[in-house]
Enquirer: 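Have a look at the structure that comes next, please.
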Amino acid sequence: KCGQIYKKGYITNHKFDEEIDYISGDASKCYSIKTGLRKFQRTLFFVKPNIIFVMDEVKFNKTSNLVESLWHTNNKTRIKISGDSVLFKGKKNQTSFKILTNNQPTKKVYSKFLSHGPFLKCSFSNIGKANTFISVFEIKNDKYSKVLNYELQKNNNGKYIINIYDKVANKNIQLFN
């Protein structure tokens, strides 16, 4: 079990516009060769004003692997797990979190890490040689009244498509990996 040990990640692509901000990076070289990790690509889509999709693509040398993702917060945040969903609750807003892909992790909340607040640990076991994990964070407070519905689909090539429907603007948006 080896976590991130090197600071050798880099941005591979980005685009910013009025509706969606997109940034993608390669963190493959941030991890020890002992992990067997060959690829770790993270892509973030910020669908304005309040939804963030995080797409993690991983590839390994062996077929049985453990992947852990840690979602850190500040000292004033509380975390509550309820089935497949998680609620991060702060003083002024709350953020719902869920994994959209079929491979659901084991979730556990830890009270504190160093000077940070509580954090959520998601553990995926036996994921195979390659997998894609898609997480969604939906921020809710008094400022955000935009209503977006989304669904995850796989196309014929095995790539994910996130279909987003904006009820206010009455239009569809598609995000691809």
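By convention here, the first residue in the shown sequence is residue 1. This is a predicted model, so every value here is computed, not measured.
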Enquirer: Quick one: list whatever passes side chain to side chain donor-acceptor pair (under 3.5 Å) with D21, sequence neighbours left out.
Expert: K48
Enquirer: Do V136 and I52 have side chains that approach each other closer than 4.5 Å (heavy atoms only, starting at C-beta)?
Expert: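 Contact flag for V136/I52 side chains = no.
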Enquirer: Which residues satisfy the side chain to side chain donor-acceptor pair (under 3.5 Å) test with Q104, sequence neighbours excluded?
Expert: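 For Q104, no residue satisfies side chain to side chain donor-acceptor pair (under 3.5 Å) once neighbours in sequence are set aside.
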Enquirer: Which donor-acceptor pairs under 3.5 Å do side chains of residues 73-86 form with protein atoms, sequence neighbours excluded?
Expert:
unit_1	atom_1	unit_2	atom_2	d
T73	OG1	P118	O	2.5
N74	OD1	K76	N	2.9
N74	OD1	T77	N	3.2
N74	OD1	T77	OG1	2.8
N75	OD1	G117	N	3.2
N75	ND2	S115	O	3.2

Enquirer: Which pair of heavy atoms, one from T43 and one from S24, lies closest together, and at what distance?
Expert: OG1-OG, 2.9 Å
Enquirer: How close do Q94 and K89 get, counting heavy atoms only, and between which atoms?
Expert: OE1-NZ, 3.3 Å
Enquirer: For the residue pair F97 and F88, categorise the inter-ring angle as parallel (less than 30°), tilted (30 to 60°) or perpendicular (more than 60°).
Expert: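 Plane angle over 60°, so perpendicular.
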Enquirer: Return the CG to OH distance between L37 and Y31, rounded to the nearest 0.5 Å.
Expert: 7.5 Å
Enquirer: Compare all side-chain heavy atoms of F40 with those of D26 and state whether any distance is below 4.5 angstrom.
Expert: no
Enquirer: Can you list everything that forms a salt bridge (charged side-chain N to carboxylate O under 4.0 Å, His left out) with D56? Sequence neighbours excluded, please.
Expert: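 With neighbours one apart ignored, the set is R42.
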Enquirer: As a quick check of understanding, evaluate side-chain contact (heavy atoms from CB on, under 4.5 Å) for T106 and K108, giving each step before the final call.
Expert: CA-CA 7 Å; T106 302; K108 186 173 180 182; 5.8 Å; no
Enquirer: Is there side-chain contact between F53 and L44, with at least one heavy-atom pair below 4.5 Å?
Expert: no
Enquirer: Between I23 and I11, is any pair of side-chain heavy atoms under 4.5 Å apart?
Expert: yes
Enquirer: Could you walk me through whether I20 and F46 pass the side-chain contact (heavy atoms from CB on, under 4.5 Å) check?
Expert: CA-CA 5 Å; I20 298 173; F46 174 36; 6.0 Å; no
Enquirer: For a side-chain contact (heavy atoms from CB on, under 4.5 Å) check, start with the C-alpha distance between V67 and F133, then their side-chain angles and the critical distance, and finish with the verdict.
Expert: CA-CA 10 Å; V67 173; F133 305 98; 4.3 Å; yes
Enquirer: Is the F137 ring parallel, tilted or perpendicular to the W71 ring (thresholds 30°, 60°)?
Expert: perpendicular
Enquirer: Tell me, with the steps shown, if E138 and T95 meet side-chain hydrogen bond (donor to acceptor under 3.5 Å, both in side chains).
Expert: CA-CA 5 Å; E138 190 170 354; T95 301; over 6 Å; no
Enquirer: My understanding is that only residues two or more places apart in sequence, or in another chain, count here; which of them pass side chain to side chain donor-acceptor pair (under 3.5 Å) with K39?
Expert: none
Enquirer: Can you see which heavy atom on K59 is nearest to which on A130, and at what distance?
Expert: CG-CB, 3.8 Å
Enquirer: Any chance you could measure M55, atom CE, to L100, atom CG, to the nearest 0.5 Å?
Expert: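 Rounded to the nearest 0.5 Å, the CE-CG separation comes to 9.5 Å.
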Enquirer: Quick one: do I164 and V47 satisfy side-chain contact (heavy atoms from CB on, under 4.5 Å)? Show the steps, please.
Expert: CA-CA 9 Å; I164 303 166; V47 182; 3.6 Å; yes
Enquirer: Identify the heavy atoms of N93 and K140 that sit nearest to each other, and give their distance.
Expert: CB-O, 3.3 Å
Enquirer: Between C122 and S69, is any pair of side-chain heavy atoms under 4.5 Å apart?
Expert: yes
Enquirer: Identify the two heavy atoms, one from T35 and one from S32, that lie closest to each other, and give their separation to 0.1 Å.
Expert: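 Heavy atoms of T35 and S32 come nearest at OG1-O, 2.8 Å.
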Enquirer: Side chains of I162 and I134, heavy atoms from C-beta outward: is any pair under 4.5 Å?
Expert: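 Answer yes - side chains close enough.
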Enquirer: Considering non-hydrogen atoms only, spot the tightest contact between I99 and S135 and give its length.
Expert: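 Residues I99 and S135, closest heavy atoms: CD1-OG, 3.3 Å.
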Enquirer: For F16, what residues pass the ring-ring contact (aromatic ring centres under 6.0 Å, His included) criterion, not counting sequence neighbours?
Expert: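 Here the qualifying residues are H14.
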